[in-house]
2 protein chains.
Amino acid sequence: MLHTGVLDDLGRSIAWGEIRPATVLTIAGLEERYEVSRSVVREAVRVLESMRMVAPRRRVGLTVRPRSEWNALDVRLITWNLAGPARQRELGALMELRVAIEPVAARLAATHADDDERDRLAALAARLRELGSAGLGESPEYLAVDIEFHTLILRSSGNEMFAGTLGDVIGEVLAGRTRLGLSPSEPVAEALDLHEIAAGALLDRDGAAAEEAVRGIVLEAHRSALAEGALGDVPEPDGPVRKTGRA
Amino acid sequence: MLHTGVLDDLGRSIAWGEIRPATVLTIAGLEERYEVSRSVVREAVRVLESMRMVAPRRRVGLTVRPRSEWNALDVRLITWNLAGPARQRELGALMELRVAIEPVAARLAATHADDDERDRLAALAARLRELGSAGLGESPEYLAVDIEFHTLILRSSGNEMFAGTLGDVIGEVLAGRTRLGLSPSEPVAEALDLHEIAAGALLDRDGAAAEEAVRGIVLEAHRSALAEGALGDVPEPDGPVRKTGRA
DNA sequence: CCTATTGTAAAAGTCATACTTTTCTGCCAG
DNA sequence: CTGGCAGAAAAGTATGACTTTTACAATAGG
């Protein structure tokens with residue numbers, strides 16, 4: 001689809017800072033740049049507008065809004081950021097999001113999951129143990145099982161806000177972790193324990209225990225990512241945004 | 001803007017279940033229904049598509065996707081849901097989201113907030129105490145200060161995913177709570193204490209304490225909302241979605 | 001010289017129409 | 001009964017004309 005192409009390219013350009021905030025674009029200009037018709041440009045721009053990345057103003061054009069106003073939870077924006085220069089920063093934000101959401105999701109899942117989901121979680125935890133003990137901690141299968149474990153908890157929480165696109169994004173984070181070679185081939189024993197503890201707690205409908213175990217998992221992941229310097233604590237090239245007075 | 005009108009009306013119709021999942025619409029049909037041109041319809045539909053509420057298929061039309069696939073974190077969808085028949089369910093989901101996010105945001109804010117933000121938080125907590133003691137717990141000002149306190153914590157976390165539109169939505173939840181008359185005119189003493197404790201912890205850069213205090217606040221809010229029956233635990237009229245095998 | 005008013009044009013917004021591409025459906029032949 | 005082929009339906013794309021808003025400048029008045 002032409003429309004998707006323009007949306008993606010333009011969105012990326014903005015997300016990556018190639019087109020900076022306060023820049024003014026025009027429909028006509030974009031028509032030329034992408035050599036497509038107004039219909040296509042307008043539809044792409046509408047979506048960008050709905051993500052609060054640009055604001056149209058008559059007689060002026062499309063103004064690129066400041067980053068702080070963008071819809072940071074939009075999956076497309078997250079994807080663009082993960083593939084761009086702010087990748088590390090984005091990974092850090094997502095890690096923090098995991099720390100916030102997964103433990104609470106686990107607590108909810110303890111009372112809300114159905115029997116099938118509980119069983120599958122237990123099976124997944126066991127499989128992780130097997131693979132981990134066999135030194136396959138960075139194998140594709142370990143990764144796949146790990147992702148399924150975590151997304152299943154989110155889905156079992158019964159809260160659509162946790163289940164939805166967030167699951168996909170968290171899968172992306174885990175995958176990125178492996179891709180960067182941050183996962184040890186012999187996973188930390190503690191992590192394997194915690195997965196089993198969490199699964200057990202969910203079987204027992206023990207929300208508090210499930211929450212604690214999952215919090216242990218995500219905190220450990222966050223810590224080790226920080227230790228590896230994968231999240232980049234350095235401020236943005238264009239200077240720290242938050243501190244300097246707000247709009 | 002015409003476009004906004006169509007988007008809003010159509011989105012609401014779908015969110016409220018007036019147009020049910022699996023229903024097939026056509027651009028032409030919508031042109032007639034709203035008496036607007038194709039451009040307008042197409043742009044509105046594109047946004048709905050970007051929210052994963054409809055999926056266009058050539059030679060078929062626009063299929064309304066199942067609720068479980070919608071982008072539950074989209075602010076517009078949240079707004080529509082809050083104004084519709086699933087209001088209680090949505091409030092419950094948002095409460096759970098608060099429980100997940102605000103404590104973690106508070107912990108981050110402890111290390112990340114600047115001096116100005118810390119001072120303002122302390123001032124807001126103090127003001128809440130004043131108003132609460134004066135029996136103004138359901139006054140507009142108490143509400144406004146409460147909202148500002150919580151959104152400021154989110155913003156001070158330094159994580160754009162917490163700060164962004166989520167803040168507005170959480171404000172909406174707090175406002176809804178007051179509007180429903182759930183807020184006692186004399187706020188629970190515990191809540192006032194916790195706000196002050198949280199503010200103090202943020203001044204001291206004590207992340208753990210800030211997290212715990214804020215968790216206390218949101219858990220108490222969640223509990224009391226549940227007790228009041230404001231969140232409605234009953235399953236949806238059209239039957240529980242999650243349990244019955246997935247796509 | 002400064003201010004207010006008015007006029008102009010630029011750009012988004014809307015409408016209508018024509019054409020392209022994809023793909024479902026149903027018919028017809030084997 | 002099966003497979004392929006043709007037609008039609010609906011989305012996708014392109015284009016031109018017109019409307020509305022509004023920034024900006026020129027001009028008139030104080």
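Protein chains get the first letters and strands the later ones, always in sequence-line order, with residue 1 at the start of each.
The interatomic distance linking B:Leu48 (CG) with D:dA11 (P) rounds to 14 Å, in whole Å. One atom, NE2 of B:His3, and another, P of C:dC15, lie 13 Å apart when rounded to the nearest Å. Distance, A:Ile27 CD1 to C:dG13 P: 6 Å, rounded to whole Å. Atom pair A:Arg38:CZ and D:dT15:P shows a separation of 9 Å (rounding to whole Å applied). Rounded to an integer number of Å, the gap from CE of A:Met1 to C1' of C:dT20 is 15 Å. For A:Glu31 and C:dG13, the CD to C1' distance is 14 Å, given to the nearest whole Å. B:Leu2 places its CG atom 18 Å from the P atom of C:dA12, with the value rounded to the nearest Å. The distance from atom CD of B:Glu43 to atom P of D:dG12 is 13 Å, rounded to the nearest whole Å.
Between the side chain of B:Arg118 and the backbone N or O of B:Leu202, at least one donor-acceptor pair lies under 3.5 Å. Side-chain atoms of A:Asn81 never come within 3.5 Å of backbone atoms of A:Ala86 as a donor-acceptor pair (strictly under, hydrogens ignored). Remark: the backbone N or O of A:Arg65 is paired with a side-chain donor or acceptor of A:Trp70 at under 3.5 angstrom.
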Evaluation steps, side chain to side chain contact (heavy atoms under 4.5 Å, CB included), between A:Val218 and A:Ile101 = CA-CA 10 Å; A:Val218 291; A:Ile101 289 195; over 6 Å; no

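Nucleic acid contact for A:Thr26: sugar-phosphate only, since backbone atoms but no base atoms lie under 4.0 Å from a heavy atom of the residue.
One cannot find a donor-acceptor pair under 3.5 Å joining the base of C:dA16 and the side-chain atoms of B:Ser37. Scanning atom types as modelled, no donor and acceptor separated by under 3.5 angstrom connect the side chain of B:Arg46 and the base of D:dG12. With hydrogens and angles ignored, no donor-acceptor pair under 3.5 angstrom links the side chain of A:Arg58 to the base of D:dA23. For A:Arg59 against D:dA23, a side-chain-to-base donor-acceptor contact under 3.5 Å is present.
Phosphate contact (OP1/OP2 of C:dA12, side-chain N/O of A:Arg42, threshold under 4.0 Å): absent.
Of the candidates A:Leu108, A:Leu152, A:Val104, A:Ser157 forms a side chain to side chain contact (heavy atoms under 4.5 Å, CB included) with just one, namely A:Leu108.
When each of B:Leu62 and A:Arg57 is assigned the nucleotide of DNA chain D bearing its nearest heavy atom, the one mapping closer to the 5' terminus is B:Leu62.
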